[in-house]
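Both counts, for ligands and for their atoms, begin at 1 and track the order of listing. Only heavy atoms go into these numbers, but all of them, side chains included; no hydrogens, no water, no symmetry mates.
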Amino acid sequence: MNLTVYCASSNRIADVYVEAAAELGELIGRGGHTLVYGGGRVGLMGVVASAVHEHGGRVFGVIPKALRAIEGVAYEVADDLVETQTMQERKALMFNLAHAFIVLPGGYGTLEELMEVLTLKQLGYHEKALVLVNTASYFDPLLALFEHFYTHRFVSPDTRALFHVAATPAEAMRYVLDYSPPRSGTVRTKWE
Ligand code: AMP
């Protein structure tokens, strides 16, 4: 299974996040899956990628040319490292290759990737599993913001079902492996 993982590029984060990223990488590797991700060796990206490799999985990185040119940023030992011209091209490839999406804690980049996949799913462009790993309740403020959207009817409460929140990487893996799409994919508005 190709698992696209979105996660932090920061190295300056607490150990609890690093441990969860390593655990996810181990589960991906042991399961014989392929990690599809941003191709970095920095932050949680590097942690997940090395753990996948250590446990026998495949690593498929997708990195824009400009980022790869920055010394030390790319995970050069990936099994595949595709260089794209733009961030947009990179996101499209990571999206198209994915059988499921797993989101670990991250910053603006991770949030942007999550929101793109979520809004595309809301509109019926895809029906792939989407799960957030809520390590140390990191995503609670974002989930509270989503509740605010539902309360004020900017977003339909049904859309809560478009993603799953897992407390641990193991729960996230179980979710993606057991997932079956709820309905056949047709593009629709969010209120249908
Ligand atoms: P952030 O959450 O802002 O740290 O951004 C991380 C996300 O954006 C990852 O899932 C990557 O896809 C992408 N990204 C940001 N910075 C880099 C980088 N230096 N190398 C590779 N991917 C990156």
Short N-O contact, Arg160 and Glu147, less than 4.0 angstrom:
yes
Do Glu116 and Lys91 meet the salt-bridge criterion of a basic N to acidic O distance under 4.0 Å?
yes
Mind checking whether Phe101 and Tyr6 have parallel, tilted or perpendicular rings, split at 30° and 60°?
parallel
Once side chain to side chain contact (heavy atoms under 4.5 Å, CB included) is applied, do any residues pair with Glu89, and if so which ones, sequence neighbours excluded?
Thr84, Gln85, Thr86
Kindly indicate whether the side chain of Ile70, heavy atoms from C-beta on, has any atom under 4.5 Å from the side chain of Leu67.
yes
Establish, yes or no, whether the cationic atom of Lys128 lies under 6.0 Å from the six-membered ring centre of Phe95 and within 45° of the ring axis.
yes
Could you please provide the protein residues found below 4.0 Å of ligand 1 on a heavy-atom basis, arranged by chain and number?
Tyr6, Cys7, Ala8, Ser9, Gly38, Met45, Leu67, Val73, Arg90, Gly106, Gly107, Tyr108, Gly109, Thr110, Glu113
